[in-house]
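Just below is one structure, and these are the notes that go with it.
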Amino acid sequence: MPFAQLGLNADIVKAVEASGYTRPTAVQERAIPAILAGADLLVSSQTGSGKTAAFMLPCLHRLAEASAIAGRGPRVLVLTPTRELAQQIARATETYGRFIRRLRCVAVVGGASFYVQQKLLGQSADVVVATPGRLLDHLRRGRVDFSRLETLVLDEADRMLDMGFIDDIEAIIAATPAARQTLLFSATLEGVVGRLANRVTRGAQRIGIETAIELRGKIHQRMHFADDFSHKSRLLDHLLRDAAIGQALVFTATKRSADEVSEQLRVNGFSADALHGDMNQRSRNRTLDAMRRGHLRVLVATDVAARGIDVPGISHVINFDLPRAAQDYVHRIGRTGRAGREGIAISLVAHFEKRQMREIERYTSQPVRVDVIPGLEPRARPAFTRDDRRGARTRGAGAAHPSQGRPGATAGRRSYGRH
Ligand code: AMP
């Protein structure tokens, strides 16, 4: 179905087509008509599925008409877990709304000037995209007026809850009109997220977009076993010398290793930089901007800083360390293969991380091919133990940290090498 048939106004269709989108993604095709019809929605879909446009296009459609209520407060509020994601959504809003006259979108995030945000909120803002903590600060000072609010979007709700934002979110929602439309997007709609969803939506429609199927074919995954940090560093160096790499995003488990790895890469002649939560917002923005403009070839990041990175030039995602939760693996590798392009995801798996790799394969229902680089083979032959297999069958995703595994046990050796 073409965009023009989704019921969106012509200025929005024009902006979407100017962005080079030829047809709606699965989540857009299902969510846009439902949102236009005024429904509350619970959507399980991943980053990379086109979910931002899925909620923003119908919101913008409504913003093209003046509000029935006088005032300056936002008509659309989007809550997101991280600053980068908020800024990314604000940019997308401006792109999709560029033919709508006098559209104003404000990003309200921590780490940026409180005073400037206060001023912008004081002028009329149609769309506010915010991280919960900072928005609540403004709300408590009486700087936000929700009397005109029509639509509330909770984006990556599971992640916001993981990050401990539940009380802030509830306090913000309590300040919004009961008659609002609520759209909740999350990788999962089970457990705590499901309970929040029940409390904040009314008669919501559920839309589920199959992640595993969407991933297949677009992102090619493989892994290399590694002995230790230094072996991982040599593998990384080798992998990054591949001329087929456009830009690469490398994930580490800690801020310190992000700094160490990027420093080492610079010493070895790569254009590389780090991105993590200890950096102030200005340098985070500067680094992301350099990546976006193609001035930086390798970005070494931790999970928290990597949310919202949407750089089309990222051809490779390399997991220097595996994430603790299998869900994060999907988020990480979704940073490549954006918008229908192909991408490559390579994981460097230390022996103590192999259980976690099994967990990831089980979660995504996709086996990851083991690869070996001649001259950079691991010293020890990795083995999957009976315990690993049993653990992978019975444990929930991300329930245990891989370092809790029992390294060195060798019963039930799995074949190792290309398969
Ligand atoms: P998101 O899942 O919202 O993070 O979007 C992922 C990427 O897909 C972004 O780079 C969007 O610009 C792009 N995108 C969104 N909708 C479409 C579409 N219908 N066709 C092609 N690309 C799209």
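Whatever order the structure lists them in is the order used to number ligands and atoms, beginning at 1.
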Counting each atom of ligand 1 from 1 as listed, which ones have a heavy atom of Phe3 under 4.0 Å away?
19 (N)
By number and element, which atoms of ligand 1 are closer than 4.0 Å to a non-hydrogen atom of Lys51?
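Per the distance check, 1 (P), 2 (O), 3 (O).
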Exceeds 12 heavy-atom contacts within 6.0 angstrom, atom CZ of Arg102:
no
Inspect the surroundings of CD in Glu65 and state if more than 12 heavy atoms from other residues, nucleotides or ligands are less than 6.0 Å away.
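For Glu65, atom CD is not crowded (no more than 12 foreign heavy atoms under 6.0 Å).
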Is ligand 1 less than 4.0 angstrom away from at least one heavy atom of Arg23?
yes
If you apply the rule salt bridge (Lys or Arg N to Asp or Glu O under 4.0 Å), what do you find for Glu94 with Arg91, and how did you get there?
CA-CA 5 Å; Glu94 272 156 20; Arg91 259 196 313 275; over 6 Å; no
Would you mind finding which of Tyr96, Tyr21, Phe185 brings a heavy atom closest to atom 21 (C) of ligand 1?
Tyr21
Nearest heavy atom to atom 2 (O) of ligand 1: which of Ser19, Gly50, Gly20 does it belong to?
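Looking at heavy atoms only, Gly50 sits closest to atom 2 (O) of ligand 1.
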Is Thr52 close to ligand 1, meaning an N/O of one under 3.5 Å from an N/O of the other?
yes
Do Lys232 and Asp321 sit within salt-bridge range, that is, some charged N less than 4.0 Å from a carboxylate O?
yes
Using the benzene-type ring in the case of Trp, are the ring centres of Phe55 and Phe185 under 6.0 Å apart?
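Centroid separation for Phe55 and Phe185: below 6.0 Å.
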